[in-house]
Student: 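Quick one: structure below, then a few questions.
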Amino acid sequence: MKTMDASHYLLQVGIDRNKVPSFDAYPYCLPVCRNMTTIDLHPAVTFLVGENGAGKSTLLEAIAIASGFNAEGGSRNFGFATRASHSCLHEVLTLRRGLKRPKDGFFLRAESFYNVATEIEKLQVTGYGERSLHEQSHGEAFMTLALERFRGQGLYLLDEPEAALSPTRQLALLARLHQLVQAASQFIIATHSPLLMAYPGASIYSLEGDAIRKVEYTDTEHYAVTRQFLNNHEAMLADLLRV
Ligand SMILES: Nc1ncnc2c1ncn2[C@@H]1O[C@H](COP(=O)(O)OP(=O)(O)OP(=O)(O)O)[C@@H](O)[C@H]1O
Ligand SMILES: [Mg+2]
C-alpha cells in the first residue's frame with residue numbers, strides 16, 4: 001500500500017514530564033498521561049482505542065490543539081468557542097512534526113459537530129455540499145464533510161466518526177479514508193468501531209490502565225467481542241440475560 005515516507009505531518013507525540021505540574025490532578029492523573037512515553041504515529045492512519053473513560057478524547061483534543069486546531073473542532077480557520085471545556089494537556093504535549101505541512105485539515109470532536117455545522121453556515125464556507133449541514137441527518141452531514149470538505153494532503157483528527165454512521169456508511173468511510181490516504185493524508189482516529197479499525201496496515205494504540213500498547217487488529221477487544229457475539233449471539237444473550 002502506498003503511504004508517505006518520513007515527510008508525513010505528525011511523526012510522534014509525547015509528554016514533557018518536566019512540565020507536568022502534578023500527576024495527581026486532571027488531566028495528568030489519567031493513566032494515559034501517567035504512562036505515556038511516546039507514540040509513533042503512522043504515516044497514514046493511527047487509531048486510539050480503549051475503554052470508555054480511558055482518555056482517548058482528552059489525548060486527541062490535546063494533539064489537535066497542539067497542532068493548531070480550534071479546541072471545539074473544525075478546520076484551522078475556525079476560532080469559535082461555546083465553552084472552554086478542553087483540558088490543558090496540550091501545554092505539556094510534545095509533537096514531532098515531519099518536513100511537510102498539511103494543506104488541509106479537520107478536527108472532528110464528536111460532541112461539537114453541531115457547533116461546527118453552525119459555524120460553517122455562519123461563515124458561508126463553501127466545500128460542504130449543497131444542502132446546509134443542519135438540514136442533513138447526522139450521518140449524511142458527516143459523509144458530506146468527508147466526501148466534499150476533506151480534500152487530501154491533510155491532517156484529519158476524528159473522534160468516534162462512527163457515531164453517526166450505519167455499518168454500510170462506515171465501510172464507505174473506510175473507502176474514502178483510503179482515497180485520502182493515497183492523496184497524502186494522515187489520520188488520527190479515536191474509535192470503538194471494529195469496522196473502521198480494520199483499515200489495513202494502520203497502527204492501533206490501546207489505552208489501558210497501566211500502559212499504552214500497540215496492538216494488532218485481531219488482538220483488540222473490539223474485534224474479539226464482536227466476533228464472539230456475531231458467531232454465537234443466542235448463547236451469549238442467554239448467558240447475559242439470565243436472571
Ligand atoms: N474536566 C474534567 N475534570 C475531571 N475529569 C474529567 C474532565 N473531563 C473528563 N474527565 C475524565 O477524564 C477521563 C477521560 O475522558 P475521555 O473523554 O478522554 O475518555 P474517552 O477515552 O474518550 O472515553 P469514551 O470512549 O467514552 O469517549 C474520564 O474518566 C472523564 O470522566
Ligand atoms: Mg471519547
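Only a predicted model underlies this, so the values are computations on that prediction, with no experimental measurement involved. Order of listing sets the numbers, starting from 1, for every ligand and every atom in it. Just so it is clear, the values below take in all heavy atoms, side chains as well, and ignore hydrogens, waters and symmetry mates.
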Student: Under 4.0 angstrom from ligand 1, any heavy atom of Glu61?
Tutor: no

Student: Can you sort out which atoms of ligand 1 are near Glu51, meaning under 4.0 Å from one of its heavy atoms?
Tutor: 21 (O)

Student: For ligand 1, which atoms, with element, lie under 4.0 Å from some heavy atom of Thr58?
Tutor: 14 (C), 15 (O), 16 (P), 18 (O)

Student: Phe106 and ring-ring contact (aromatic ring centres under 6.0 Å, His included): which partner among Phe187, Phe150, Tyr156?
Tutor: Phe150

Student: Using a 4.0 Å heavy-atom threshold (strictly under), name the region of Glu160 that reaches ligand 1: side chain, backbone, both or neither.
Tutor: side chain

Student: So do the side chains of Met36 and Leu59 get within less than 4.5 Å of each other, counting heavy atoms only?
Tutor: yes

Student: Counting backbone and side chain alike, does Ser57 bring an N/O/S atom below 2.8 Å of the Mg ion (ligand 2)?
Tutor: yes

Student: Mind checking whether Ala54 has an N or O less than 3.5 Å away from an N or O of ligand 1?
Tutor: yes

Student: Assess whether a salt bridge exists between Lys19 and Glu91, defined as any Lys/Arg side-chain N lying under 4.0 Å from an Asp/Glu carboxylate O.
Tutor: no

Student: Looking at non-hydrogen atoms alone, which of Gly55, Ala62, Ala25 comes nearest to atom 19 (O) of ligand 1?
Tutor: Gly55

Student: With a 4.5 Å cut-off on side-chain heavy atoms, are Ile15 and Leu93 touching?
Tutor: yes

Student: Under 3.5 Å, is there a donor-acceptor pair linking the side chains of Thr218 and Glu216?
Tutor: no

Student: Are the side chain of Arg17 and the backbone N or O of Arg34 linked by a donor-acceptor pair below 3.5 Å?
Tutor: yes

Student: Please check: side-chain N/O of Gln153 versus main-chain N/O of Asp104, any donor-acceptor pairing under 3.5 Å?
Tutor: no

Student: Any nitrogen or oxygen of Leu30 lying under 3.5 Å from a nitrogen or oxygen in ligand 1? Just yes or no.
Tutor: no

Student: Any idea which atoms of ligand 1 are less than 4.0 Å away from a heavy-atom of Ser57?
Tutor: 17 (O), 18 (O), 20 (P), 22 (O), 27 (O)

